[in-house]
Amino acid sequence: MLIGFAVPGSGAWATPANQVTVAQRAEELGYRSLWTLQRVLNPAGSADRTYRGVPDPFVTLAFLAGHTARARLGVAIANLPFYAPPVLAKQAATLDRISGGRLDLGLGLGWMREEFAAAGAPMARRGARAEECLAVLRGLWSGAATEFHGEFYDVPPVVMEPPPVQSPLPVLLGGAAEPALRRAGRLADGWVSSSRADLAVIGRSIGIVREAAEEAGRDAGALRFVCRGAVRLRPAGRAGRRPLTGSYEEIAADLEALAAQGVTEAFVDLNFDPEVTGPDADPGASLDRALEALEVFAPRG
């Protein structure tokens, strides 16, 4: 199983300087990939601090592309309904070129009603819209003349230049409901789990994605299964411990269990730990924790 690491992406520690520090150290230690997340805005007055202070993922990854050379750059995930397909296609292609062909594009449907309302995006029939959007994106990324006429999008004959370096550009789909999992199997290069996924049974979701791929005549063995590892470092031996919450030794064992369930890549993500990103967290201490975790979970060999 390949190992990646999420750069500071939420809360007071998510500064450009800290992002570069984590990204460069991760690359030095041999991590496969660096990851970001997306949150455009939050409802006012909400007590939930999970997604506060989140920078734009594409700008962040473009910035980090200039400070790294080898690690892949992933977003998990950007919400398709917030973008016109040609605009997203251009942003992704440009980022892939800036990074020398290192982009892993994670896409999803979104879930926060306030965010949809503010973005002027409809929540209805998000899945059907996503399927059309993917078709438009891939046509535009081809570098050849393309057009699309669907229920939601109508694109006249156009050419988008320059195309991405990678052909095809890897697209990972998120989602936990069965239709979303099957969509990933039918249409995407892989699936990426959310921070709220039940990692004890993630193999069930992987199985649904693989089944859908096989039913569509695709090679399920070629798919990638990426787990967002929402790590929370805590004292060992806690009763009712959830996967990836506990001591370094317990979390290392959990990562091995993920590989046994079919996960092909996991990235350690501290951005969902209130001790790291909460309003009372000390940004310096958060960075120190990340640097320590980088050493402990560094890929072997």
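All figures in this text were calculated on a predicted structure; none of them were measured in a lab. Computation of the quantities below employed the complete heavy-atom set of this structure, encompassing side-chain atoms and omitting hydrogens, waters and symmetry-equivalent molecules.
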Using a 3.5 Å distance criterion without hydrogens, assess whether the side chain of [X] forms a donor-acceptor pair with backbone atoms of [Y].
X: Trp13; Y: Ala285; result: no
X: Ser10; Y: Thr50; result: yes
X: Arg72; Y: Leu103; result: yes
X: Glu265; Y: Gly4; result: no

Would [X] and [Y] pass as an ion pair if we require N to O under 4.0 Å?
X: Asp104; Y: Arg32; value: no
X: Arg238; Y: Glu250; value: no
X: Glu151; Y: Arg129; value: no

Quick one: side chains of residues 61-68, donor-acceptor pairs under 3.5 Å with protein atoms, not counting sequence neighbours, listed by atom name and distance.
| residue | atom | partner | partner atom | Å |
| --- | --- | --- | --- | --- |
| His67 | ND1 | Phe63 | O | 3.0 |
| Thr68 | OG1 | Leu64 | O | 2.8 |
| Thr68 | OG1 | Arg102 | NH1 | 2.9 |
| Thr68 | OG1 | Arg102 | NH2 | 3.4 |

Could you pull out every donor-acceptor pair under 3.5 Å between side chains of residues 114-124 and any protein atom, sequence neighbours left out?
| residue | atom | partner | partner atom | Å |
| --- | --- | --- | --- | --- |
| Glu115 | OE1 | Arg39 | NE | 3.3 |
| Glu115 | OE1 | Arg39 | NH2 | 2.3 |
| Glu115 | OE2 | Arg39 | NE | 3.3 |
| Glu115 | OE2 | Val40 | N | 2.7 |
| Glu115 | OE2 | Leu41 | N | 3.4 |

### Message
One pair to check against side chain to side chain contact (heavy atoms under 4.5 Å, CB included): Phe58 and Leu88. What are the steps and the verdict?
### Response
CA-CA 10 Å; Phe58 294 111; Leu88 178 58; 3.8 Å; yes

### Task
Please test Thr94 against Lys90 for side chain to side chain contact (heavy atoms under 4.5 Å, CB included), starting from the C-alpha separation and ending with a verdict.
CA-CA 6 Å; Thr94 302; Lys90 176 67 78 171; 3.8 Å; yes

### Query
Val155 and His149: which non-hydrogen atoms are nearest, and at how many Å?
O-CE1, 3.7 Å

### Query
Looking at residues at least two apart in the chain, or sitting in another chain, which of them share a ring pair (Phe, Tyr, Trp, His ring centres under 6.0 Å) with Tyr153?
none

### Query
Is it true that the side chains of Asn79 and Trp111 contain a donor and an acceptor less than 3.5 Å apart?
no

### Step-by-step salt bridge (charged side-chain N to carboxylate O under 4.0 Å, His left out) determination, Glu215 to Arg186
CA-CA 8 Å; Glu215 290 174 351; Arg186 288 188 291 107; over 6 Å; no

### Query
Going through the checks in order, is the side chain to side chain contact (heavy atoms under 4.5 Å, CB included) test met by Asp96 and Trp141?
CA-CA 11 Å; Asp96 196 53; Trp141 288 332; over 6 Å; no

#### Entry: Full working for side chain to side chain contact (heavy atoms under 4.5 Å, CB included) between Val171 and Leu134
CA-CA 9 Å; Val171 172; Leu134 285 173; 3.9 Å; yes

### Task
Determine, stepwise, if the pair Arg289 / Glu292 fulfils salt bridge (charged side-chain N to carboxylate O under 4.0 Å, His left out).
CA-CA 5 Å; Arg289 180 176 294 195; Glu292 183 177 84; over 6 Å; no

#### Entry: Ring centre gap for Phe297 and Tyr248 strictly below 6.0 Å
yes

